Amino acid sequence: MKINLSDAKQLQQLKGWGTSACWWSQYCADEKTQNEIANLLYGDDGLKLNIYRYNVGGGYDPDNYRVKDPWRRSESFMLYDREKEETSWDFSRDKNAVTMMKKCLDLGNIDTLILFANSPHYSQTSTGQASGSLLYHTCNIPKSKYMDFVNYFLDVTEHFLNEGFPVNYISPINEPQWKWGGSYVWQEGCHYETEEVIEILHLFAEEIIRRKLPVKLYAPESGEFLGKTVEYLEAMLEDEKIMEVLGVFAFHSYHSDFEPEIRYEFFERLAKPNPDIRFDMSEWCELPNKSHTKNFKGALITARIISQDLIFTRSESWTSWVAVNGIAIKEDGFDYGDALMSASPDFSTWYINERYYGFAHYSKFIPIGSYALDIGLRPTKDNNSFNASAFKTPENEAVLVIINEGEDKTLELEGAFTEMKVIFSDAEKKLEEIYCGAFKNSIESKGNSILTVILK
């Protein structure tokens, strides 16, 4: 099989790599553990991520909540006295999560800090809960509370800005199309119809402009490639205020792990007609998750999704869902946590999951400012076992990431290179340098392995 890097077409410039601190960071209290995890994610020797998503939690009334798992609830800086119907602020809350954010920022690699919410504050909702309406597909915030939500979120934003946190973007809505609420709830969330999305984002845009805040909207965090996503973009394009403040059109690539064709359609319908808009893939984990944390298949799928999301949708950045999730042991005795790492509720036990290494094959070797390259590969749903993506770094190196979920292959590389380094991972070896020397135009790709090839 031939891969021609000399004739590769230059695509979008990459803005980087990220993950979310949602849910887990509030329970990571031990300083040694905080430092270790911060370095694994944002340190030079770790993933060297540059995008940080901090969750502005909706909080909960201890006498009125339905989310049972403490990791799926959150502290809020705003306190609410239900009897007096008065609010007050306590910015000492969510201490562990804020400390983790500081530690990650101190490592010096973060240039994109996003504040995001899954729900308005519980006191602003119809149910008094941040986990959605009592009816599926029903917005949980009345119109009379829209501005309360806007002011609450922007007050939090101003607090962080005043404290010196370099907030670039705010993301007040998350996956608005999903049902959220109803008879069963498991996390914070709020459904919005398209017109409600636009009305709320419009109010945010007006208030950002009025307050002269140095932040942009990161929206609408749509939970799917197509469907409502197309409708959201069309409606946002019609609103001048939203477009004035929109920094990124953000979407999630869930429920399509084996459908490269849906990414081609996303590009044709959304990204290609709107070349002036930045598109970011801001959330992904394997869903439904069939790869336990010690199964290298999770790393292979992660690497494949990164490749396809970047090359075929033209996303300018790629962000995993959460960095850490709770250990989830199933009947077979394996942990099916879906994050880059797993931890016990108090972090007395925690460890790196295999999918971490699938991410590392990109983030450790492809710096911000690199350009994606089109090398002409077009996998299909029925022919999806071999994927490769290429990038041109600011140092004018070429980086090729090869994901082989099938049989062994011999690859012929074409290009004017003199030096070559090859990084290898499979079920036994992780990020192992297996070659460093003169350029070779032939390379072996083992089945069920990932290669990062750096060419000069």
Side-chain angles (χ1 to χ4, degrees), residues 16-29 33-34 36-42 46-47 49-58 67 69-75 94 96-101 103-104 110 112-119 130-131 171 174-175 178 186-189 218 221 223 250-255 257 280-289 291-293 298-299 301-302 305-306 309 317-328 335-347 349-360 362-363:
W17 316 95
T19 192
S20 164
C22 186
W23 297 339
W24 63 272
S25 57
Q26 67 202 49
Y27 289 100
C28 188
T33 302
Q34 290 173 338
E36 289 175 348
I37 291 177
N39 276 286
L40 282 166
L41 296 172
Y42 290 92
L47 294 179
L49 305 179
N50 66 291
I51 299 171
Y52 196 100
R53 295 181 75 217
Y54 173 84
N55 179 221
V56 178
V67 177
D69 183 351
W71 271 39
R72 299 297 185 267
R73 303 194 297 265
S74 63
E75 282 193 328
D94 211 21
N96 293 332
V98 174
T99 297
M100 177 58 74
M101 180 165 54
K103 287 182 177 293
C104 292
I110 295 173
T112 303
L113 178 56
I114 303 162
L115 306 184
F116 81 99
N118 291 312
S119 166
S131 53
S171 174
N174 191 68
E175 299 185 344
W178 301 145
W186 64 95
Q187 67 163 82
E188 291 184 357
Y218 201 88
E221 304 270 12
F251 67 95
H252 304 165
S253 64
Y254 291 125
H255 308 293
D257 291 356
D280 279 15
M281 203 305 295
S282 55
E283 270 193 32
W284 177 85
C285 65
E286 189 178 343
L287 189 65
N289 181 21
S291 305
H292 63 73
T293 59
I301 294 173
T302 299
I305 295 301
I306 295 172
D309 283 351
S317 75
W318 197 93
T319 296
S320 77
W321 169 214
V322 286
V324 188
N325 216 335
I327 296 171
D335 169 21
Y336 283 82
D338 58 12
L340 303 175
M341 305 177 205
S342 287
S344 59
D346 62 355
F347 278 80
T349 299
W350 67 275
Y351 45 81
I352 298 172
N353 299 333
E354 292 289 282
R355 55 181 59 87
Y356 175 95
Y357 301 103
F359 200 172
Y362 293 87
S363 66

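All residue numbers in this chain count up from 1 along the given sequence. Owing to the predicted nature of the structure, the values given are computational and were not obtained by experimental measurement.
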Glu283 side chain reached by Asn174 side chain, heavy atoms, under 4.5 Å: yes
Worked check of side chain to side chain contact (heavy atoms under 4.5 Å, CB included) between Ile352 and Tyr357: CA-CA 9 Å; Ile352 298 172; Tyr357 301 103; 3.8 Å; yes
Backbone of Leu340 reached by a side-chain donor or acceptor of Glu354 within 3.5 Å: no
pair Ser74-Trp23: side-chain heavy atoms closer than 4.5 Å: no
Polar side-chain atom of Glu75 near backbone of Asp94 as donor-acceptor pair, under 3.5 Å: yes
Side-chain touch Ser25/Asn96, heavy atoms, less than 4.5 angstrom: no
Trp17 vs Thr319 side-chain heavy atoms within contact, under 4.5 Å: no
For Tyr52, all residues meeting ring pair (Phe, Tyr, Trp, His ring centres under 6.0 Å), sequence neighbours excluded: Tyr42
Stepwise side chain to side chain contact (heavy atoms under 4.5 Å, CB included) check, Cys285 with Val322: CA-CA 8 Å; Cys285 65; Val322 286; over 6 Å; no
Verdict with reasoning, Met100 to Cys28, per side chain to side chain contact (heavy atoms under 4.5 Å, CB included): CA-CA 8 Å; Met100 177 58 74; Cys28 188; 4.0 Å; yes
Gln26 side, atom CD; Asn55 side, atom CG - distance, nearest 0.5 Å: 7.5 Å
Ring center gap for Tyr254 and Trp321 short of 6.0 angstrom: no
Arg53 and Thr19, any side-chain heavy atoms less than 4.5 Å apart: no
For Ile327 against Ser344, the heavy-atom pair lying closest together: CD1-N, 3.6 Å
Contacts of Thr99 that satisfy side chain to side chain contact (heavy atoms under 4.5 Å, CB included) - sequence neighbours left out: Gln34, Lys95, Lys103
Heavy-atom side-chain proximity of Glu188 to Ser131 below 4.5 angstrom: no
Heavy-atom side-chain contact between Val56 and Phe116 under 4.5 Å: no
Minimum side-chain heavy-atom gap Asn50-Thr112 below 4.5 Å: yes
Nearest heavy-atom neighbours spanning Thr302 and Gly358: CG2-C, 4.4 Å
Asp257 and Trp284: side chain donor to acceptor below 3.5 Å: yes
Partner set under side chain to side chain contact (heavy atoms under 4.5 Å, CB included) for Tyr27, not counting sequence neighbours: Pro70, Trp71, Phe347
Side chain to side chain contact (heavy atoms under 4.5 Å, CB included) assessment of Glu175 paired with Asn118: CA-CA 8 Å; Glu175 299 185 344; Asn118 291 312; over 6 Å; no
Check: Asp280 side chain, Trp318 main-chain N or O, donor-acceptor pair, under 3.5 Å: no
With Asp309 via salt bridge (Lys or Arg N to Asp or Glu O under 4.0 Å) - residues at least two apart: Arg263
Test item: side-chain donor near acceptor, Tyr336 and Asn325, under 3.5 Å: no
Side-chain (Trp24) to main-chain (Ser20) donor-acceptor, under 3.5 angstrom: yes
Closest non-hydrogen atom pair, Arg73 against Val67: NH1-O, 2.6 Å
Between OG on residue Ser282 and CD1 on residue Ile51, distance to nearest 0.5 Å: 9.5 Å
Heavy-atom pair of closest approach, residues Tyr218 and Ala250: CE2-CB, 3.5 Å
Rounded distance (nearest 0.5 Å) linking atom OH of Tyr356 with atom CG of Leu40: 4.5 Å
Rounded distance [0.5 Å steps], OG in Ser363 versus CD1 in Ile306: 7.5 Å
Non-neighbouring partners of Ser171 that pass side chain to side chain donor-acceptor pair (under 3.5 Å), sequence neighbours left out: Glu221
Thr293: side chain to side chain contact (heavy atoms under 4.5 Å, CB included) partners, not counting sequence neighbours: Asp335, Ser342, Tyr351, Asn353, Arg355
